[in-house]
2 protein chains.
Amino acid sequence: MELTERKKRVLRSIVELYISTAEPVGSKAVAELPDMKYSSATIRNEMAELTTMGYLEQPHTSAGRIPSAAGYRLYVDELMAGYRLSMDEAHSINEAIEAKMQRVDEMMERVAKLVSQATDLPAISVASRQRGATVKRFELILAGQGTVILVVMLTNEEVVNKLIKLPVLAGESELKILSAVLNATMTGLAPEEFTPELLERVMSSAGEAASLVPVIMEFTTEVLRKQGSANMAVAGQLRLLGQPEYRDVDKAQRVLTTLDEETLANLPAVMQNQSGTKVIVGPENVSQELKDTSVVITKFDIGDGMQGMIGVVGPTRMDYAKVTARLSYFAESLSKMFAKPEHTELPAGKTEEEE
Amino acid sequence: MELTERKKRVLRSIVELYISTAEPVGSKAVAELPDMKYSSATIRNEMAELTTMGYLEQPHTSAGRIPSAAGYRLYVDELMAGYRLSMDEAHSINEAIEAKMQRVDEMMERVAKLVSQATDLPAISVASRQRGATVKRFELILAGQGTVILVVMLTNEEVVNKLIKLPVLAGESELKILSAVLNATMTGLAPEEFTPELLERVMSSAGEAASLVPVIMEFTTEVLRKQGSANMAVAGQLRLLGQPEYRDVDKAQRVLTTLDEETLANLPAVMQNQSGTKVIVGPENVSQELKDTSVVITKFDIGDGMQGMIGVVGPTRMDYAKVTARLSYFAESLSKMFAKPEHTELPAGKTEEEE
DNA sequence: CTAAGCACACTATACTATAGAGTGCTAAAA
DNA sequence: TTTTAGCACTCTATAGTATAGTGTGCTTAG
């Protein structure tokens, strides 16, 4: 059977009607659309064929049709008209992004919130970290008696600091010696290389301020370890409850719980070699729980070899045109923002995921 | 009418039965309790009187009774038996808290998650910041050509840093001059005092590295401004969906939305002069939306003049004994942890609330 | 090839009947 | 005087039934 132009028109109308009403679409509703010049009977025939072709589904014999996964797929790939952002939308996205953000984790949270707001769906944002960052340089600042500030510069342009209070009286000169030792022995190492043996070696040559070394080493290891993991944020989970398909609390809960765990962890892998905006329709989904849930994701550039990703999760019925348009625009704006010189530098940031 | 011992026993039984079943409690169920030596008819009489006294309510004539707000209040204040944490529970709480946490905001998030986990309810945690923190000292580190690290020490023991990249070639000596100027003119000031006039003044005396000044000043203002606001985190909102009273999506959504906004902002005020654990039962609540929702809050000490607060939100029917016990234990453990020297120092942290 | 008409299928809704739980009251027992 | 047993009554939740409405598929006519 051939997919004629008319069939495409019908399918597109059905998808769009279904997106806006969340109810199965009947032949009459399609026939009554402004520029549909055929009667409901004709539409009915087309719908019957679209059903056998697998693009439509029927919840039960005497109900209207709803798009199948294949139907959505076709819609997204071929039929969907590009949604044009209004000036207002574009403007408010840009404005929101322009706010100053100091740390990557803070920023990811903010971005997730913004995306969620813009799409009225739960959103996630991920910033992949550059693998294998090491310490470029240590710096110790004397900040009062018994108080030392440790500043650690990493190879990926991040800087972290820690205030250390010790009852040891360390003077400028001891700190100078210590930082020289640190820079000589502890830079360029992977977190696994911070062994007890190294600790001992460094301590023995560290001079009077040796008692600072264990604290410094523990902190550094911790920081490097966190560098390895991606930075993620989820926002607006509650918005899912606004969608009619999640009126069932159990279902909403299942999906949202999954959102916290699996999806987040899997998405980077899914997007590995993808570029642009990707739409994952329902059953194409990795996780079984997200079977009738779609995911739309886009990548953006952070610079310094870091990759960002924003995405939203919603019912298979979501308004793909709007969502992809907004997401792409977001990604574009973010990439642009990061390309600007004043924003290139993002000091230290880290998060932990558990629950 | 007098509140006899027996009435109290009955009330207590009813509250506890209702807590565990979430169903109105009938006289028969109470009479059948192991150590209840009266018949259902007697209990019925008592229940009738407890109802006229305002401690119980009847959803409708031929249903069992449920505790009124006054009933819960009495239960929480007088009747509730202290719940004893098992070794296991105490242990797992302690273990969870011991993980290293670097920043206040990170820690608040973690604490909220832990509390939520321990109570199976949405949890919030707040760290009030010390008002009026100012800059104690600036430090500039040369970190490669065109790259400077700014380290700002605040009076409240926090330290923040920022990597600045500028095409200006600044040498050690220029930075030394600049940092001297900064320390002379920009320390001890409130964020409002960072005026354009100040900027101009500082720039004119800053020497060759003057172009760094605007960036530094903007960053500092930002940091100080963030110091003023409290640090909050919400976690486990989804857990509310597990409670039978929130099977209605709309209701759950309303409550959770409120949780994000009002409550968070109001709680510090409510707890102003309170100490220990406070239980706010349903209608005693500030917000109208939280009418049949209870809140349990406890304070803890962070040190450095900072105050922490953890709390959970749940149905009025929640298990107050368990929740208060766990919350108090949490608060105690946290206070202890912060009292330890290694944890006294908490470098910079900040968050933003919007949605 | 398109449209009109009609019988049939199925769901959602309102309505009804019934079982079950719980109460309040009265009267008897302790 | 307090407690308990018994019983009529109330109210809800549940299942079962009838009905209106929507939509389909097929047949037939334009």
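In what follows, chains are A, B, ... by sequence order, proteins preceding strands, each numbered from 1. Hydrogens, waters and symmetry mates are skipped; everything else that's a heavy atom, side chains included, is used.
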| query | To the nearest angstrom, how far is A/Lys37 atom NZ from C/dC1 atom P? | reply | 19 Å
| Pairing residues for A/Thr316 by the side chain to side chain donor-acceptor pair (under 3.5 Å) criterion, not counting sequence neighbours | none
| query | Relative to the 5' end of DNA chain D, which residue comes earlier, B/His60 or B/Thr42, by the nucleotide with the nearest heavy atom? | reply | B/Thr42
| Side chain of B/Thr61 (C-beta onward), nearest among C/dA4, D/dG25, D/dT10 | D/dT10
| said: Can you tell me if B/Arg44 touches the phosphate of C/dT26, counting only side-chain N or O atoms and a distance under 4.0 Å to OP1 or OP2? | reply: no
| For B/Arg239 and B/Gln117, what are the C-alpha separation, side-chain angles and deciding distance, and is it a side-chain hydrogen bond (donor to acceptor under 3.5 Å, both in side chains)? | CA-CA 9 Å; B/Arg239 294 184 203 270; B/Gln117 236 172 339; 5.4 Å; no
| request: Starting at atom CD of B/Gln58, determine the distance to atom C1' of C/dA21, rounded to an integer number of angstrom. | output: 12 Å
| Under 4.0 Å: is that the gap between some side-chain N or O of A/Ser39 and OP1 or OP2 of C/dA3? | yes
| task | Measure from the side-chain N and O atoms of B/Ser125 to the backbone N and O of B/Ile310, and report whether any donor-acceptor pair falls under 3.5 Å. | result | no
| To the nearest angstrom, how far is A/Glu23 atom CD from D/dT22 atom C1'? | 12 Å
| task | Show your working on salt bridge (Lys or Arg N to Asp or Glu O under 4.0 Å) between B/Arg9 and B/Glu5 and close with a plain yes or no. | result | CA-CA 6 Å; B/Arg9 268 266 295 289; B/Glu5 260 327 295; over 6 Å; no
| said: From CD of A/Glu49 over to P of D/dT24, roughly how many Å is that when rounded to an integer? | reply: 14 Å
| request: To the nearest Å, give me how far apart NZ (A/Lys28) and P (C/dA4) are. | output: 13 Å
| field | Nearest-Å distance for atom pair CD1/P, residues B/Ile43 and D/dT3 | value | 10 Å
| said: So, does B/Ser62 get its side chain near the phosphate of D/dT12, meaning an N or O under 4.0 Å from OP1 or OP2? | reply: no
| message | Rounding to an integer number of Å, can you tell me how far B/Glu32 CD sits from C/dA21 P? | response | 11 Å
| request: Could you state the atom-to-atom distance from CG of A/Asn45 to C1' of D/dT27 in whole Å? | output: 11 Å
| message | What contact category does B/Ala63 fall into here, base, sugar-phosphate, or nothing, at under 4.0 angstrom with non-hydrogen atoms? | response | sugar-phosphate
| task | Could you tell me whether the phosphate oxygens of C/dT23, OP1 or OP2, come under 4.0 Å of any side-chain nitrogen or oxygen in B/Ser27? | result | yes
| said: Between B/Tyr55 and B/Tyr75 (judged by ring centroids, cut-off 6.0 Å), do the two rings come close enough to count as a pair? | reply: no
